[in-house]
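Worth knowing before you read on, the calculation uses all heavy atoms, side chains too, and leaves out hydrogens, waters and symmetry mates. Residue numbers start from 1 in every chain, and the chains themselves are labelled A, B, ... in the order their sequence lines are given, proteins ahead of strands.
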2 protein chains.
Amino acid sequence: MSKRANPEDRRRDLIEAAVRVLAERGAAGASVRTIAAAANVSPGLVTHHFGGVDRLVAASYDHVAAQVAAALEAAVAAAGSSPPARLGAFVAANFTAPIADPALLATWLALWSLARGDPAMLARHEHHYAGFRVRLEVLLAECGVAPARVRLAAIGVTALVDGLWLELCLSPDSFSADEARRIATAYLAGLRGGDSPLPSGERVG
Amino acid sequence: MSKRANPEDRRRDLIEAAVRVLAERGAAGASVRTIAAAANVSPGLVTHHFGGVDRLVAASYDHVAAQVAAALEAAVAAAGSSPPARLGAFVAANFTAPIADPALLATWLALWSLARGDPAMLARHEHHYAGFRVRLEVLLAECGVAPARVRLAAIGVTALVDGLWLELCLSPDSFSADEARRIATAYLAGLRGGDSPLPSGERVG
DNA sequence: GTGCTTGTTGCACGAACGTATAACAGGGTG
DNA sequence: CACCCTGTTATACGTTCGTGCAACAAGCAC
């Protein structure tokens, strides 16, 4: 069916096909045959290139996590050198394409449910989330948040962003991406200026 | 293997076994044979009582959602008549047993990933989440939050609580349930007194 | 062109899946 | 005790799963 291809190209094709299948048909539909069909190749290629479907799923996890991290970092870089602007961009990027995408949430949920019980996948997950939180702690510290408060602040921001991203992707009719950004930036303003009232322009609601 | 039982008792046994299997082995392990074995009955009973494994999973979703709603409502009722106390109890209950339970998160994730693509399950999910948000809006309004701000406030609180609950169950070593409660109550304080600074005792971090 | 390496295919195998069905057995009613 | 209703079991069937394997073929060294 398919012409001979560079091994790394083929691997990337299979990973992207796996992500697509995960998004469209959920964890239940992520069979070797389905993924191979989505990549227009024979089922045997999965075993040949990855040595099993589990390893392909793990590679897909890394692929998606790297894409998300890259999108966030690009937003920070594009925000210039002002620390508050960089922090705001990092947070707001979670509600913008390509991160605010129902297909991405679907893939993420499928990967999570597949990862349960697999120690290697669990370690991957811990590593990715720790990276997100550490990046957030650095951005918060650069904004002048006291070192003693940085840890809990990062936990709160991570939770709020995660929750907003999840609900935004799950039922986009409930609220808009812009409303999510306003909620999140109001929370950030409350963290930065803990002793002053929330600026009325950023007030929640 | 098992003695003759009341149909509703047997149905409840099967649902609880399904929830247990979902939590322990994820969506992949939720087969008719596994669930039946966990309930110490024959696989045929699932078809007999539910007419298929899909319908058993749907019933399990309703069961878990009802348990969560009941636990939240019990916390509200136990908090007395003070509106802020009732709101605080509703939020804090999410970080207390039986809701703050890794097994519950595992079940929830498995159900979510199984629900994708199934319109009936999706409708169930929308109904449950809408109920949570409406309940929160009532509690917020009773605390004096302006009607124009209630909607976004409820969205923010839902997101923060969801995110904290998720991370608390996923990696309990990152932070404690008490820290989650402090983050959430500080956010609530900021919502109630939008024009005054955050009370220092409830400050985040 | 010839031969070797290797990406690719098609198939076969065993296992596990969901479910339909027939036989068995418990428990209330006469 | 006999009878019927129905919860329960065991089995069987067709499908789909993951993967190992032998054969095919495309590209490259010579």
Could you give me the CA-CA distance, side-chain angles and deciding distance for B:Met121 and B:Val57, then say whether side chain to side chain contact (heavy atoms under 4.5 Å, CB included) is met? CA-CA 9 Å; B:Met121 288 288 280; B:Val57 170; 4.1 Å; yes

What's the verdict on side chain to side chain contact (heavy atoms under 4.5 Å, CB included) for B:Leu87 and B:Leu136, showing C-alpha distance, side-chain angles and the deciding distance? CA-CA 8 Å; B:Leu87 174 60; B:Leu136 202 48; 3.8 Å; yes

Evaluate B:Glu16 against B:Arg12 for salt bridge (charged side-chain N to carboxylate O under 4.0 Å, His left out), listing each step before the verdict. CA-CA 6 Å; B:Glu16 288 173 356; B:Arg12 188 177 39 76; 3.8 Å; yes

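Of the candidates C:dT8, C:dC17, D:dA26, the closest approach to any side-chain atom of A:Ala5 belongs to C:dT8. In this structure, of D:dG27, D:dC17, C:dC17, it is D:dG27 that holds the atom nearest to the side chain of A:Arg4. For B:Thr34, taking side-chain heavy atoms from C-beta onward, the closest of the listed nucleotides C:dC17, D:dT19, D:dG18 is C:dC17. Comparing atom distances between the B:Val41 side chain and each of D:dT9, C:dT9, D:dG18 picks out D:dT9 as nearest.
Residue B:Ser42 places none of its side-chain N or O atoms closer than 4.0 Å to OP1 or OP2 of D:dA10. Between B:Ser31 and C:dA16, a side-chain N or O to OP1/OP2 separation shorter than 4.0 Å is absent.
Separating the CG atom of B:Leu56 from the P atom of C:dT19 is a distance of 10 Å, rounded to the nearest angstrom. Rounded to whole Å, the distance from CG on B:Asn40 to P on D:dT8 is 13 Å. C:dG18 atom P lies 8 Å from atom CD1 of B:Ile35, rounded to whole Å. Distance CZ (A:Arg33) to P (D:dC17): 6 Å, rounded to an integer number of Å. Here the C1' atom of nucleotide C:dT8 and the CG atom of A:Asp13 are 14 Å apart, to the nearest Å. Distance, A:Leu45 CG to D:dG20 P: 15 Å, rounded to whole Å. Distance A:Asn6 CG to D:dC28 P: 10 Å, rounded to the nearest Å. Whole-Å rounding puts the A:Leu114 CG to D:dG18 P distance at 11 Å.
Nearest-nucleotide positions on DNA chain C for B:Pro43 and A:Pro43 put A:Pro43 closer to the 5' end. Nearer to the 5' terminus of DNA chain D, by closest-nucleotide assignment, is the contact made by A:Ala28 (compared with the other of A:Ala28 and A:Gly44).
No side-chain donor from either of A:Arg181 and A:Ser176 sits under 3.5 Å from a side-chain acceptor of the other.
Taking the six-membered ring where the residue is Trp, B:Trp112 and B:His125 present perpendicular rings, their angle passing 60° and hence far from 30°.
For the salt bridge (Lys or Arg N to Asp or Glu O under 4.0 Å) condition, the pairs that include at least one residue of residues 128-147 of chain A, sequence neighbours left out, are A:Glu73-A:Arg135, A:Arg133-B:Glu167.
Of the residues in residues 47-55 of chain B, those placing a heavy atom less than 4.0 Å from an atom of DNA chain D are B:His48, B:His49, in numerical order.
Distance check, rounded to the nearest 0.5 Å: CG of B:Asp162 to CG of B:Asn94 gives 8.0 Å.
Judged by atom type and distance alone, A:Arg10 does not reach the base of C:dG7 through any side-chain donor-acceptor pair under 3.5 Å.
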